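Every heavy atom of this structure was used, including side-chain atoms; hydrogens, water molecules and symmetry mates were not. Everything quoted here is computed from the prediction, not taken from an experiment. Numbered from 1 within each chain, the chains take letters A, B, ... in sequence-line order.
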Amino acid sequence: MAEKTESASAAAISAPAPSAEPTRLWGDEVEDPSKRSWGDEVGEANASTTQLDLNVEGLTIDDESTIKAVTRSDTPYTSASTFEDLNLSPELLKGLYVDMKFQKPSKIQAISLPMILTPPYKNLVAQAHNGSGKTTCFVLGMLSRVDPNLKAPQALCICPTRELAIQNLEVLREMGKHTGITSECAVPMDIPIRKRPPVMAQIIIGTPGTIKKWMPSKKLGLSFVKILVFDEADHMLAEYGFKDDSLSIMTDIERSSAHCQVLLFSATFNETVRNFVTRVVKDYNQLFVKKEELSLESVKQYKVLCPDELAKVMVIKDRIFELGENLGQTIIFVRTRYSAGILHRSLAEFGYEVTTIMGAQKQEDRDKIVKEFKDGLTQVLISTDLLARGFDQQQVNLVINYDLPVKHDTPTEPDYEVYLHRIGRAGRFGRKGAVFNLLLGDMDKMRMEKIERHFGTQVAEVPSWNSDEDFKGALKAAGLL
DNA sequence: AAAAAAG
């Protein structure tokens, strides 16, 4: 059974920007599926593979940037080097090429889409780098598996925030523009459930609370649901407050529909979460990446030692605003709503234009802030971790960690997953970016060291917090100046 | 003085 893999391309996972030279993608290299090796990699000294069931065989997909695929031995998959390889409808292909302006599947798309679209439609746990095109994987999966002639909910996608649900729905509608497939957003809204008509849409994307609310009131029929997606799945299935809702949605669907394929996508699945998640989902294929290889090469990370709180504000005011002005957009992440407000007011006092988003605001205000930022009307956005995950704005190439993310129960520890998601807001689809971590005191220094150790990355120090030249140098090194 | 969803 086991044959040796031909080394696949080491090209970056990210698809090229539309204008960029097309890079060679993983799919290019595997013309002949019989050349691929099955099975002989499981059990090697790789933390990623130690948790596998014994009857699962492994396939080393790539020798360098390493998405590792583990599939059931009885279901062979051939990676897709083009979207035509996937038997998509002409309407869907038109959406991909004409409206989305896609050229070829990115690496994660090339590997995961055949797994999603090939009978018997196995479940999938898929990890891939930030900005590598995960959304397309599950959006295309849903659009392709839905029967356009059956006017009933057939696909469900659950997201952690209302912003992400809306963003995913926008992608789906653009991509599926010519298919006639209907879709609806299930996020909190003003109309009481009793007054709204039953859901007819074929694809529903929303947040767990709202979806869960619709189900028992019989507004959302589940009998025909055949594909269930969790975006940011590690968060949805592990985090207190999300976990119960997510699991109950999953069991409700399993109860009421014959065969439902479950897809879990995220850039992060720490070991605890992965152990749990793979117990919840049965008979799954999986794709994953070693944590040491999750940081994006194209995004340069820096640390800036600040003597006090005021210095942090000054860095943002004098360096980020002044230098970042022509570099694209910036997101400043803060740990609490409170510090979001403080920072916003200090910057506003200095006369700088900045907007802020956090969960405490009214939904319509949140929508407006996001829209203005996506339309490029605002340059700098302060955000809580509301936007840490999934938010896709290609013009963002500067991310500032005003404070480092910390674990709630052990604040001396950094939150590695949130850190990775935050910095992934820059460098979408292989673009260049820079991250500045503003550190205050020994505790921050220690947290930063832990992050470096965890991901095996070097975070360069900006020598002086108040030196214009130092920041210019950093931005030059990041390829932004 | 955690954030997100939601009640």
* Structure fact -> Across all chains, not counting sequence neighbours, the side chain to side chain donor-acceptor pair (under 3.5 Å) partners of A:Asp375 are A:Lys371
* Structure fact -> The contact string for nucleotides 1-7 of chain B, one letter per nucleotide 5' to 3', using protein heavy atoms under 4.0 Å with B, S and - for base, sugar-phosphate only and none, comes out as BBBBBSS
* **side chain to side chain donor-acceptor pair (under 3.5 Å) involving A:Tyr402 - partner list, sequence neighbours excluded** => A:Glu309
* Asked: Of all residues at least two apart in sequence or in a different chain, which pass the side chain to side chain donor-acceptor pair (under 3.5 Å) check with A:Arg335?
  -> none
* To do: Just grab all the side chain to side chain donor-acceptor pair (under 3.5 Å) pairs involving residues 220-231 of chain A, residues at least two apart or on different chains.
  => A:Asn168-A:Asp231
* Return the set of residues passing side-chain contact (heavy atoms from CB on, under 4.5 Å) with A:Val280 (not counting sequence neighbours), or none when no residue passes. => A:Leu247, A:Met250, A:Phe276
